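I have placed the structure first, in the form of structure tokens, so that the comments after it can refer back to it.
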Amino acid sequence: MSGAAVRLDDVTFSYGDTSMTFDLAVGTGSIVAVMGPSGSGKSTLLNLVAGFETPASGHVLIGDLDATTMPPARRPVSMIFQENNLFAHLDVASNVGLGRSASLRLSPRDREDVAAALARTGLTGKERRLPAELSGGERQRVALSRVLVRDRPVLLLDEPFASLGPALRREMLELVRELHAERGMTIMMVTHHPDDAEALADQVAFIEDGRIAAYAAAEKMFSDNAPAAFRAYIGA
Ligand SMILES: Nc1ncnc2c1ncn2[C@@H]1O[C@H](COP(=O)(O)OP(=O)(O)OP(=O)(O)O)[C@@H](O)[C@H]1O
């Protein structure tokens with residue numbers, strides 16, 4: 001895997017009378033923290049990239065592809081949500097195997113890759129467990145293992161560690177940082193935690209009222225030179 005650039009070109013979208021407009025260019029292999037008040041449009045932005053929502057106008061470009069109307073499964077993208085990433089009736093190995101084959105027809109090579117991904121995320125020995133028999137952190141490790149076997153150039157994280165305690169959250173962010181160093185995928189991560197953004201991201205996109213109010217290097221956004229609205233939002 002290596003990353004792909006993501007571009008939203010004059011993308012407009014609305015839910016009833018909530019209108020949003022996104023213009024954003026994310027460089028290949030960079031990590032962008034998507035931050036902003038509740039209801040500002042962070043999840044919608046990720047859903048437009050993933051293909052769960054389709055723009056009213058404008059274009060979504062991923063690498064060389066115009067993905068604007070492409071169905072989610074065909075996009076070179078993986079996404080992890082805060083919860084419900086796994087199928088409750090399938091064991092850990094099968095949930096990860098789905099990243100390779102939707103019908104779970106797995107070759108010996110696929111099975112090796114599933115085992116390697118589970119080893120990489122620290123889940124060896126838990127292959128036969130059901131999601132309900134795992135902790136919240138372990139379930140998100142399963143989701144990350146599936147990302148590894150899916151091997152797509154863009155990874156979208158919609159507050160995947162928000163319900164974990166602080167120490168575990170840091171541990172999971174560290175795992176994401178390592179996987180990024182190994183694979184080089186482009187990451188867009190929604191987070192409400194400035195510490196998480198500072199630890200992981202090289203860019204911060206600040207969303208306010210359905211538009212990108214600021215987009216700059218994390219170094220700048222977490223300095224005294226950050227836009228006033230962002231400083232107010234993080235309580236700086
Ligand atoms: N399925 C939907 N139907 C109608 N309106 C929606 C839907 N999903 C989101 N909205 C509205 O669109 C706006 C943006 O929502 P979105 O979920 O993208 O915000 P967010 O920044 O991710 O919020 P949060 O931080 O609370 O998760 C909000 O006003 C929300 O109420």
Side-chain angles (χ1 to χ4, degrees), residues 6-26 30-62 67-73 75 77-86 136 139-140 143 147 154-166 168-170 172-173 176 186-201 203-216 218 221-222 226-236:
V6 175
R7 231 173 78 203
L8 287 91
D9 246 353
D10 266 332
V11 165
T12 65
F13 179 80
S14 46
Y15 286 122
D17 26 335
T18 309
S19 301
M20 299 174 234
T21 305
F22 297 117
D23 246 307
L24 180 72
V26 178
S30 80
I31 304 181
V32 180
V34 178
M35 302 189 72
S38 183
S40 57
K42 302 179 297 295
S43 294
T44 306
L45 172 67
L46 262 57
N47 288 335
L48 286 160
V49 177
F52 300 124
E53 300 293 359
T54 305
S57 65
H59 292 274
V60 177
L61 307 164
I62 304 174
T68 311
T69 57
M70 205 179 258
R75 298 191 184 205
V77 167
S78 295
M79 187 157 174
I80 304 182
F81 302 91
Q82 187 168 341
E83 45 200 32
N84 299 323
N85 293 292
L86 307 181
R139 280 196 286 275
Q140 296 308 64
V147 163
V154 176
L155 174 58
L156 305 174
L157 301 171
D158 196 349
E159 299 191 72
F161 312 130
S163 55
L164 307 178
L168 186 53
R169 220 177 63 233
R170 263 196 304 279
M172 296 299 288
L173 283 173
V176 169
T186 304
I187 299 180
M188 297 174 74
M189 173 180 78
V190 174
T191 177
H192 284 283
H193 295 278
D195 289 352
D196 295 0
E198 220 174 344
L200 194 69
Q203 305 284 321
V204 176
F206 177 52
I207 319 282
E208 220 181 18
D209 291 332
R211 64 190 182 88
I212 306 207
Y215 180 47
M221 293 295 269
F222 293 108
F230 181 70
R231 285 175 60 76
Y233 168 70
I234 62 171

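Residues take their numbers from the sequence shown, with the count starting at 1. Just follow the structure's listing: the first ligand is 1, and inside any ligand the first atom is 1. As the structure is a prediction and not an experimental result, all values here were calculated from the model.
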Would you confirm whether [X], through its side chain, and [Y], through its main-chain N or O, come within 3.5 Å as a donor-acceptor pair?
| X | Y | result |
| --- | --- | --- |
| Arg75 | Met70 | yes |
| Lys42 | Met189 | no |
| Asp23 | Asp10 | yes |
| Thr54 | Thr69 | no |

Please write down residue, atom name and distance for the protein heavy atom closest to [atom].
| atom | answer |
| --- | --- |
| atom 23 (O) of ligand 1 | Gly39 N, 2.8 Å |
| atom 26 (O) of ligand 1 | Ser38 OG, 2.6 Å |
| atom 17 (O) of ligand 1 | Ser43 CB, 3.7 Å |
| atom 16 (P) of ligand 1 | Thr44 OG1, 3.6 Å |
| atom 27 (O) of ligand 1 | Glu159 OE2, 4.0 Å |
| atom 1 (N) of ligand 1 | Tyr15 CE2, 3.7 Å |
| atom 25 (O) of ligand 1 | Lys42 NZ, 2.7 Å |

Hey, does Pro37 sit under 4.0 Å from ligand 1 if you only count heavy atoms?
yes
Does Gly36 reach ligand 1, in the sense of a heavy atom lying below 4.0 Å from it?
no
Are Phe222 and Phe230 close enough that their ring centers fall under 6.0 Å?
yes
Proximal candidate to atom 19 (O) of ligand 1 [heavy atom criterion; set Gly41, Ala162, Ser19, Gly210]:
Gly41
Parallel, tilted or perpendicular: which describes the rings of Phe81 and Phe52, with under 30° parallel and over 60° perpendicular?
tilted
His192 neighbourhood, listing ligand 1 atoms whose heavy-atom distance to it stays under 4.0 Å:
25 (O)
Numbering the atoms of ligand 1 from 1, which are under 4.0 Å from a heavy atom of Met20?
12 (O), 13 (C), 14 (C)
Side chain to side chain, Met20 and Ile207, heavy atoms closer than 4.5 Å
no
4.5 Å side-chain heavy-atom contact, Arg139 and Asn85
no
Apply side-chain contact (heavy atoms from CB on, under 4.5 Å) to the pair Phe161 and Asp196, showing each step before the final yes or no.
CA-CA 10 Å; Phe161 312 130; Asp196 295 0; 5.9 Å; no
Atom 31 (O) of ligand 1 touched by protein (heavy atom, under 4.0 Å)
no
